[in-house]
Amino acid sequence: MPKFENNILGFIPQEEWLDMGFQVNRPNDPIDGLFGDDKTDNLVAAWQSIADEYQIPVMAQFHGFDTEAQTTFRVPVDNHNIEKGLIKVKINQSERMRALTRAGVRNDEMYDYVINDGVRLADQVVTRTKVAKNELMATGQVTIKENNLNLTVDYGVPAAHKAFTINVHKTADVDAQIQAVIDYATDHGITINGMMTSKKNITKMRKNTALQTAIGGNTSAGALISRSALEAHLDEEFGITRIVESDLTYGASATIGSDGRPVITQKRYFPVDKITFFATNPGGKMGIGLWGNPPEVDAGQFMPVSTSGQSPYVYISQWMEKDPAVLWTKASGLFMPVLYNPNSIFPATVTEVEGA
């Protein structure tokens, strides 16, 4: 039978948070296939090491034996902003526990309620990290405008990489537009091998007349292209071997409605009006979700919850306020997605204009 620490109602022993793991029933997010997660003790140092590894090689020069060596440089790292990736959320446990006690819930049942709250809080932290990963893929940057923070993490993605548009109207020449992106990338030393977008845009491409005739001949105009035929065409013509389709949503904000119940505003992780062309590293990755230690770790009061079963990314902490008497449970994590190569991403804005 589970026991609360020091017989204090609601306090979960640290070792039991450690053993709990992180089990949340959520759909597989395709962004995790491009940005896995890893833990570091120093976000800035790890980011700098990654930036050094993936920087474009700069030619050294021949020198005379009696001349001073040329001085090279490092890729600049956005130190100012990447250290500010603290994500946290807390909940008042006491109010609910009092209501559950009045409803006849016993201590061992109460234990499960407290544990489940901790898991849900940790899941909210992880949700914010997925929003950041998807924003990076869609825009080449991460913006944080919440809780008195107003900052943009600069990854060094060139502005020209983000200036493309793709018209997906049925009369548009989609192939020519994709070829323009491919040619630009090739001229800058990048071989595109993937694209990320919504099912809606994929379907519009399957209805595109120019693509229909390019794939099936003139007699195929007006006939919906099969998904497999479109994928084969993109592979053969452009070397795009990986199509990442993302239509998942999340609760972006919550307010209390007139009936006293929460009203959740849903948003898409990846915008519907974007098609991002990309080039992965040899391991098939665009980058990494880099986790660090939040302030609670330095304070020595934490209960880590493992998001992967291997490494503690999110930390659960609990404390009691005496007046008023309130037990708080909080989840926190220090996180920032890292893009391996700032030249490897080409986010295009989707338009739909007849005849263009």
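Note: hydrogens, waters and symmetry copies are ignored here, and every other heavy atom, side chains too, is used.
Applying the side chain to side chain donor-acceptor pair (under 3.5 Å) rule to Ser198 yields the partners Asn201; only residues at least two apart in sequence or on another chain are considered. With sequence neighbours excluded, the residues that form a side chain to side chain donor-acceptor pair (under 3.5 Å) with Thr280 are Asn193.
Here Asp37 pairs with Lys133 in a salt bridge; the nearest charged N to carboxylate O distance falls below 4.0 Å. Look at Asp117 and Arg120 and you find a salt bridge, because one of the NZ, NE, NH1 or NH2 atoms lies within 4.0 Å of a carboxylate O, short of that distance. Of the charged side-chain nitrogens involved, none lies within less than 4.0 Å of a carboxylate oxygen, so that Lys200 and Glu352 do not count as a salt-bridged pair.
Within 6.0 Å of CD on Glu146 lie more than 12 heavy atoms contributed by other residues, nucleotides or ligands. The environment of NZ in Lys170 is sparse: at most 12 heavy-atom neighbours from other residues, nucleotides or ligands sit within 6.0 Å. Under a cut-off of 6.0 angstrom, the local environment of NZ in Lys274 is crowded, with over 12 non-hydrogen atoms contributed by other residues, nucleotides or ligands. Counted within 6.0 Å of CG on Asp187, heavy atoms from surrounding residues, nucleotides or ligands total more than 12; the atom is thus considered enclosed. Environment of CD in Gln266: crowded, with over 12 heavy atoms of neighbouring residues, nucleotides or ligands closer than 6.0 Å.
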Applying side-chain contact (heavy atoms from CB on, under 4.5 Å), run through Leu211 and Asp175 and close with a yes or a no.
CA-CA 7 Å; Leu211 281 171; Asp175 266 357; 3.2 Å; yes
Go through the steps for Val181 and Gln177 under the test side-chain contact (heavy atoms from CB on, under 4.5 Å), then give the verdict.
CA-CA 7 Å; Val181 181; Gln177 297 172 81; over 6 Å; no
Should Asn341 and Ile190 be marked as a side-chain contact (heavy atoms from CB on, under 4.5 Å) after you check the CA-CA gap, both sets of side-chain angles, and the distance that decides it?
CA-CA 10 Å; Asn341 183 354; Ile190 301 296; 3.9 Å; yes
Check step by step if side-chain contact (heavy atoms from CB on, under 4.5 Å) holds for Val131 and Tyr269.
CA-CA 6 Å; Val131 172; Tyr269 282 107; 3.7 Å; yes
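When the side chains of ILVMFWY residues are joined at heavy-atom separations under 4.5 Å, either directly or via intervening members, Ile345 and Leu234 end up in two distinct hydrophobic clusters. Hydrophobic clustering of Ile, Leu, Val, Met, Phe, Trp and Tyr side chains at less than 4.5 Å, counting indirect connections, keeps Ile275 apart from Phe278. Both Leu151 and Leu86 are part of a single hydrophobic cluster, where members link through side-chain heavy atoms under 4.5 Å apart. Hydrophobic clustering (side-chain heavy atoms under 4.5 Å, transitive across Ile, Leu, Val, Met, Phe, Trp, Tyr) groups Leu43 together with Leu149. Cluster membership for Ile192 and Leu34, using ILVMFWY side-chain heavy atoms within less than 4.5 angstrom, is not shared.
Asp173 CG to Ile178 CD1: the interatomic distance, rounded to the nearest 0.5 Å, is 9.5 Å. The line from CD1 of Ile91 to CG of Leu121 is 5.5 Å long, rounded to the nearest 0.5 Å. Separation of atoms OH (Tyr340) and CZ (Phe35) is listed at 9.0 Å; rounding is to 0.5 Å. From Ile240, atom CD1 reaches atom OG1 of Thr191 across 12.0 Å, with rounding to the nearest 0.5 Å. Atom CZ of Phe270 and atom CE of Met196 lie 5.0 Å apart (nearest 0.5 Å). Rounded to the nearest 0.5 Å, atoms CE (Met205) and CD1 (Ile243) are 7.0 Å apart.
In this pair, Tyr184 and Phe164 present their aromatic rings perpendicular. The plane angle is above 60°, beyond the 30 to 60° band.
The side-chain contact (heavy atoms from CB on, under 4.5 Å) with Val314 is formed by just one residue from the set Leu334, Val126, Thr129; it is Val126. Results of the side-chain contact (heavy atoms from CB on, under 4.5 Å) test with Ile31 over Asn134, Leu248, Leu136, Val244 single out Asn134 as the only residue that passes.
Although no hydrogens or angles enter the test, the distance criterion places no donor-acceptor pair under 3.5 Å between the side chain of Ser49 and the main chain of Ala46. Side-chain atoms of Lys330 never come within 3.5 Å of backbone atoms of Ile316 as a donor-acceptor pair (strictly under, hydrogens ignored). Panel note: side chain Gln141, backbone Thr152; no donor-acceptor pair is recorded below 3.5 Å. With Thr213 contributing its side chain and Ala210 its backbone, the two residues share a donor-acceptor pair below 3.5 Å. The backbone N or O of Met137 sits less than 3.5 Å from a side-chain atom of Thr276, completing a donor-acceptor pair. A distance-only check finds no donor-acceptor pair linking the side chain of Asp38 to the backbone of Trp291 [under 3.5 Å]. The main-chain N or O of Val168 is never found under 3.5 Å from a side-chain atom of Asn208 such that the two would form a donor-acceptor pair.
What you find for Pro347 and Gly140 is that their closest heavy atoms are CG-N, 4.2 Å. Nearest heavy-atom pair across Gly118 and Thr329 is CA-CG2, 4.4 Å. When all heavy atoms of His161 and Val157 are compared, the pair lying nearest together is CB-CG1, 4.0 Å. Considering every non-hydrogen atom in both Trp47 and Pro337, the closest pair reads CH2-O, 3.7 Å.
No close placement of the Phe238 and Phe277 rings is indicated, their centers lying 6.0 Å or farther apart.
Donor-acceptor pairing under 3.5 Å is recorded for the side chains of Asp183 and Gln179.
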Atom pairs and distances, side-chain donor-acceptor, residues 215-227, under 3.5 Å, sequence neighbours left out:
| from | atom 1 | to | atom 2 | distance (Å) |
| --- | --- | --- | --- | --- |
| Ser220 | OG | Gly216 | O | 2.8 |
| Ser226 | OG | Ser228 | OG | 3.3 |
| Ser226 | OG | Ala229 | N | 3.0 |
| Arg227 | NE | Glu231 | OE2 | 2.9 |
| Arg227 | NH1 | Glu245 | OE1 | 2.7 |
| Arg227 | NH2 | Glu245 | OE1 | 3.4 |

